[in-house]
A.B. asks: 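If you scroll down you'll find the structure; I have some questions about it.
Given the structure is predicted, the values throughout are model-derived calculations rather than measurements. Just so we're on the same page: letters track the sequence lines, and every chain starts at 1.
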2 protein chains.
Amino acid sequence: MGADTRRATIVDVAAAAGVSTTTVSHVLTGRRPVAAATKARVEAVVADLDYRANASARHLRTERSGILALVVPDLTNPFNSAMAAGLHETVLPSGYLAVVGEAPEPGAPLSGVLRQLLDRGIDGMVLGRFGASEADIDSVAASGTALVRLGGPLGSGRGDVVRANEVQGMFDIVDHLVHRGYRRIAFADGPAGSSPGGERQRGYEQALRDAGLPVRDDLVVHTAYTREGGVRAAEALLAGPGPIDAIACCNDLIAVGVLDVLRARRIGVPGDIAVTGYDDIEAAELMSPALTTVLNPAREIGRTSARMLLDRLDHGYTGPDRETILAHRIVARDSA
Amino acid sequence: MGADTRRATIVDVAAAAGVSTTTVSHVLTGRRPVAAATKARVEAVVADLDYRANASARHLRTERSGILALVVPDLTNPFNSAMAAGLHETVLPSGYLAVVGEAPEPGAPLSGVLRQLLDRGIDGMVLGRFGASEADIDSVAASGTALVRLGGPLGSGRGDVVRANEVQGMFDIVDHLVHRGYRRIAFADGPAGSSPGGERQRGYEQALRDAGLPVRDDLVVHTAYTREGGVRAAEALLAGPGPIDAIACCNDLIAVGVLDVLRARRIGVPGDIAVTGYDDIEAAELMSPALTTVLNPAREIGRTSARMLLDRLDHGYTGPDRETILAHRIVARDSA
DNA sequence: GACCGTATCCAAATCGATTTGGGACCGGGT
DNA sequence: ACCCGGTCCCAAATCGATTTGGATACGGTC
């Protein structure tokens with residue numbers, strides 16, 4: 001317990017190497033050329049003293065904190081933690097630290113977490129789905145922080161966007177249902193107007209239209225992106241107007257809730273009603289029946305977001321905002 | 001795009017309030033009394049200018065970074081991400097930032113992530129299970145960083161410890177098996193000598209002894225804490241010397257692998273062989289059959305770790321290292 | 001009126017780095 | 001002998017906060 005010896009500073013290194021701190025700094029940052037012999041001597045001393053620059057001092061001067069943040073609504077959602085892992089592993093080698101924040105209520109003007117991150121002067125931020133309001137996004141963009149959004153429209157000056165092709169993903173899995181012979185396909189969507197619920201609904205409707213099936217409003221219900229939300233959605237659909245033979249769910253957690261209800265009512269899956277999810281969380285494979293779903297490469301989304309931030313921060317990219325779309329994959333299992 | 005207006009500094013505040021920066025600092029930190037009228041004036045200006053102290057400058061002077069870290073081997077493990085969430089939500093209100101790191105190979109002397117965190121001068125660290133070697137722990141403790149370990153022995157000067165009662169937890173679930181009439185109970189442990197495998201094995205053996213059952217070495221196999229590890233463990237046990245009627249697994253992922261094998265071989269669970277896990281990951285409830293397991297309150301462990309760090313950092317606790325033990329709970333489902 | 005305590009406030013040093021604007025030295029060309 | 005262009009290095013200013021050691025003013029006491 002307790003710091004036994006003070007950490008070496010740049011002054012110590014300079015003294016031991018018989019040069020000025022300026023020269024040490026130049027050796028370290030490489031912003032100005034230094035004679036090979038001097039450079040070698042400084043580097044030897046750095047290694048010997050186990051010197052590492054004080055991050056706060058450096059960032060005070062350079063106005064860069066070296067911290068990137070990921071803000072999501074729920075860290076325990078496996079999709080989000082996989083994304084966080086991808087972000088971490090990509091930015092660490094570049095010397096950045098990644099912090100993760102849970103933004104409880106996206107309603108508040110600039111919720112606590114976001115405000116605190118901005119106050120810290122973070123260099124970049126990845127804003128997860130349903131994690132922030134439009135006003136929040138503007139605040140972040142206005143603060144000069146590099147910004148990557150996961151989903152939402154690509155607007156000028158509002159950050160890069162990384163997304164999976166949500167429309168196509170839901171289209172593909174509903175198309176999969178159609179090809180398996182299902183015809184009265186309901187859709188358990190997320191809250192009205194939410195992302196990625198909107199995109200996925202478009203994919204659902206397009207698939208029906210392309211198959212020549214009617215698009216009926218009463219076959220679409222909106223609910224929370226949770227297991228409990230799935231329970232409510234299933235109950236609503238089963239109590240609904242017409243018979244259905246499949247339920248496409250907006251994410252896996254909703255599908256879990258739907259399966260809970262079907263199992264409790266002894267409705268066969270996929271015999272009586274087929275069910276599909278979206279995200280391919282770990283549990284999807286372990287459930288009974290195993291869930292047919294769409295895999296969005298969460299970890300890869302985290303990695304890609306990180307690279308887009310680093311592009312702006314370290315590689316000097318200053319061009320217009322960009323959008324990267326990652327491929328999804330249908331994972332056909334037993335539930336449909 | 002870009003910082004439209006420079007952020008206000010303490011100098012701006014001082015000028016606008018007609019006082020010195022010293023006084024502003026005293027108002028903000030409260031380290032010295034300030035006349036009520038002056039204080040009110042400064043606070044008004046602070047609010048007006050939307051002033052927030054530059055974190056780097058503050059930390060340069062105070063030698064505190066305001067950053068806490070959680071290091072775990074695998075972020076996508078739900079147990080770890082739930083812990084991370086508990087840590088985050090507890091430290092944020094105190095103005096700390098929590099970062100999460102994945103330490104890939106605990107073998108390396110001071111693996112990259114740990115080194116980088118220490119270089120940053122983090123104030124405190126929570127070291128997850130199997131996340132670091134003994135040497136790592138010593139390095140962290142020697143650096144003067146407040147330390148909380150999750151598991152492992154309570155040693156002097158090596159940080160506080162937060163743990164669930166692993167011995168008791170495994171004892172209870174094996175006892176549960178005994179009461180259900182199972183007699184030849186195997187144990188699929190983690191790697192030999194690992195934590196919490198060691199503690200859980202002790203609980204397993206104690207439960208057998210208390211029930212008057214023999215403790216047989218050939219009924220214990222060591223494997224990785226993964227689904228794949230569970231597959232190997234099950235194959236080894238089924239090919240083993242004697243017949244078994246139950247497999248207690250060291251964690252849920254191992255149990256998932258074990259169930260994979262049993263399902264493939266059409267061995268009934270729990271009819272032919274009962275299976276138990278440990279951790280109660282989300283998938284435990286969703287599997288078929290639903291997994292009987294032990295719930296370690298991951299989020300609460302994160303919260304408690306955070307509080308122990310804050311005790312030392314903000315509340316001036318300087319007493320001896322402490323250990324907090326959290327209660328577990330048996331979650332009886334269908335697999336045993 | 002001199003002295004002392006309190007209550008307030010401020011000037012300047014400090015934390016550890018980066019960066020700017022030269023200065024010193026060395027050869028080579030005229 | 002002088003100048004010029006490189007090369008290599010350094011002194012000092014700077015980032016934005018905290019903290020130390022007074023300075024000033026005001027009352028009250030003897």
Side-chain angles (χ1 to χ4, degrees), chain A residues 3 5-43 45-46 49-67 95 118-123 144 314, chain B residues 3 5-43 45-46 49-67 95 118-123 144 314:
Chain A
T5 51
R6 197 176 53 86
R7 234 173 86 172
T9 72
I10 198 173
V11 176
D12 302 327
V13 174
V19 297
S20 73
T21 62
T22 307
T23 301
V24 175
S25 177
H26 288 151
V27 169
L28 263 36
T29 63
R31 299 186 62 80
R32 286 234 198 137
V34 174
T38 312
K39 186 173 173 188
R41 195 150 33 92
V42 170
E43 283 170 344
V45 172
V46 164
L49 264 48
D50 192 29
Y51 166 79
R52 281 148 296 147
N54 178 308
S56 294
R58 166 172 294 170
H59 297 144
L60 172 58
R61 188 62 233 251
T62 59
E63 307 200 311
R64 298 273 293 268
S65 65
I67 298 179
L118 254 32
D119 288 0
R120 288 243 172 199
I122 58 168
D123 298 334
D314 286 1
Chain B
T5 51
R6 198 176 51 87
R7 233 173 87 172
T9 73
I10 198 171
V11 176
D12 302 327
V13 174
V19 297
S20 71
T21 62
T22 308
T23 301
V24 175
S25 177
H26 288 153
V27 169
L28 262 37
T29 64
R31 301 185 61 82
R32 285 230 199 143
V34 172
T38 311
K39 186 173 172 186
R41 194 150 33 92
V42 170
E43 283 169 343
V45 172
V46 164
L49 264 48
D50 193 28
Y51 166 79
R52 281 147 297 146
N54 178 308
S56 294
R58 167 173 292 169
H59 297 144
L60 172 59
R61 189 63 232 250
T62 59
E63 308 200 312
R64 297 271 292 270
S65 66
I67 299 179
L118 254 31
D119 287 0
R120 287 242 172 199
I122 58 167
D123 297 335
D314 285 0

A.B. asks: Quick one: on DNA chain C, does B:Pro33 or A:Ser56 contact a more 5' nucleotide (nearest heavy atom)?
C.D. replies: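 Checking each residue's closest nucleotide, the 5'-ward one belongs to B:Pro33.
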A.B. asks: Which nucleotide, D:dC9, D:dG16, C:dC10, lies nearest any side-chain atom of B:His26?
C.D. replies: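 Of D:dC9, D:dG16, C:dC10, C:dC10 is nearest to the side chain of B:His26.
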A.B. asks: Tell me: CG of A:Leu60 to P of C:dT19, nearest whole Å?
C.D. replies: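 Answer to the nearest Å: 12 Å.
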A.B. asks: Do the side chain of B:Ser65 and the main chain of B:Gly121 share a donor and acceptor less than 3.5 angstrom apart?
C.D. replies: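 Checking the backbone N and O of B:Gly121 against the side chain of B:Ser65, a donor-acceptor pair under 3.5 Å is found.
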A.B. asks: Using whole Å, report how far CD1 of B:Ile10 lies from C1' of C:dA12.
C.D. replies: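 Computing the B:Ile10:CD1 to C:dA12:C1' distance gives 14 Å.
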A.B. asks: For the pair made of CG in B:Asp119 and C1' in C:dG16, what is the distance, rounded to whole Å?
C.D. replies: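 Going from B:Asp119 (CG) to C:dG16 (C1'), I get 15 Å.
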A.B. asks: Send over the distance from A:Arg32 CZ to D:dC10 P, rounded to a whole Å.
C.D. replies: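 After rounding, the gap between these two atoms is 13 Å.
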A.B. asks: Taking it one step at a time, do A:Val24 and A:Val45 satisfy side-chain contact (heavy atoms from CB on, under 4.5 Å)?
C.D. replies: CA-CA 10 Å; A:Val24 175; A:Val45 172; over 6 Å; no
A.B. asks: Can you confirm whether A:Thr23 sits close enough to A:Val34 that some side-chain heavy atom of one is under 4.5 Å from a side-chain heavy atom of the other?
C.D. replies: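 Yes. Closest side-chain heavy atoms under 4.5 Å.
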A.B. asks: So, OP1 or OP2 of C:dG16: does either fall under 4.0 Å of a side-chain N or O from A:Arg58?
C.D. replies: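 No, because none of the side-chain N or O atoms of A:Arg58 sits under 4.0 Å from OP1 or OP2 of C:dG16.
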A.B. asks: How long is the span from the CD1 atom in A:Ile67 to the CD1 atom in B:Ile67, to the nearest 0.5 Å?
C.D. replies: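 Here the rounded value is 4.0 Å.
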A.B. asks: So, for A:Ser25 and A:Ile10, which heavy atoms are closest and what is the spacing to 0.1 Å?
C.D. replies: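 For A:Ser25 and A:Ile10, the tightest heavy-atom pair comes out as N-CD1, 4.0 Å.
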A.B. asks: Report the distance from atom CG of A:Leu28 to atom P of C:dG16, rounded to the nearest whole Å.
C.D. replies: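 From A:Leu28 CG to C:dG16 P: 16 Å.
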A.B. asks: Would you please confirm or rule out a distance under 4.0 Å between OP1 or OP2 of D:dT19 and any side-chain N or O of B:Arg61?
C.D. replies: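 For B:Arg61, the contact criterion (side-chain N or O under 4.0 Å from OP1 or OP2 of D:dT19) is not met.
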A.B. asks: What are the two closest non-hydrogen atoms of A:Arg7 and B:Leu118, and how far apart are they?
C.D. replies: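 For A:Arg7 versus B:Leu118, the nearest heavy atoms are NH1-O, 3.5 Å.
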A.B. asks: Given atom NZ of A:Lys39 and atom C1' of D:dT7, what is their separation to the nearest angstrom?
C.D. replies: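 So the two atoms are 15 Å apart, to the nearest Å.
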A.B. asks: Between D:dG16, C:dT8, C:dG16, which one does the side chain of A:Thr9 approach most closely?
C.D. replies: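 Nearest to the side-chain atoms of A:Thr9, counting from C-beta on, is C:dG16.
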A.B. asks: With side-chain contact (heavy atoms from CB on, under 4.5 Å) as the test, would you mind laying out the steps for A:Val19 and A:Val27 before giving the verdict?
C.D. replies: CA-CA 11 Å; A:Val19 297; A:Val27 169; over 6 Å; no
A.B. asks: Take atom CZ of A:Arg64 and atom P of D:dC15, then tell me their distance rounded to the nearest Å.
C.D. replies: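 About 18 Å, once rounded to whole Å.
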A.B. asks: Starting at CG of B:Leu49 and ending at C1' of D:dG16, how long is that distance when rounded to a whole Å?
C.D. replies: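 Rounding to the nearest Å, CG of B:Leu49 and C1' of D:dG16 are 15 Å apart.
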A.B. asks: Can you list, in residue-number order, the parts of residues 12-25 of chain A that come under 4.0 Å of DNA chain D, counting heavy atoms only?
C.D. replies: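 When residues 12-25 of chain A is checked for heavy atoms under 4.0 Å from DNA chain D, the hits, listed by number, are A:Gly18, A:Val19, A:Ser20, A:Thr22, A:Thr23.
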A.B. asks: Looking at the side chain of A:Ala57, which of C:dG21, C:dA17, D:dT19 is the nearest nucleotide?
C.D. replies: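 My answer, after comparing the listed nucleotides, is C:dA17.
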A.B. asks: Taking any heavy-atom pair under 4.0 Å as a contact, classify A:His59: base, sugar-phosphate, or nothing.
C.D. replies: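 No contact.
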A.B. asks: With sugar-phosphate meaning primed atoms plus P, OP1 and OP2, does A:Arg31 contact a base, only sugar-phosphate, or nothing at under 4.0 Å between heavy atoms?
C.D. replies: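 Answer is sugar-phosphate: A:Arg31 comes under 4.0 Å of backbone atoms only.
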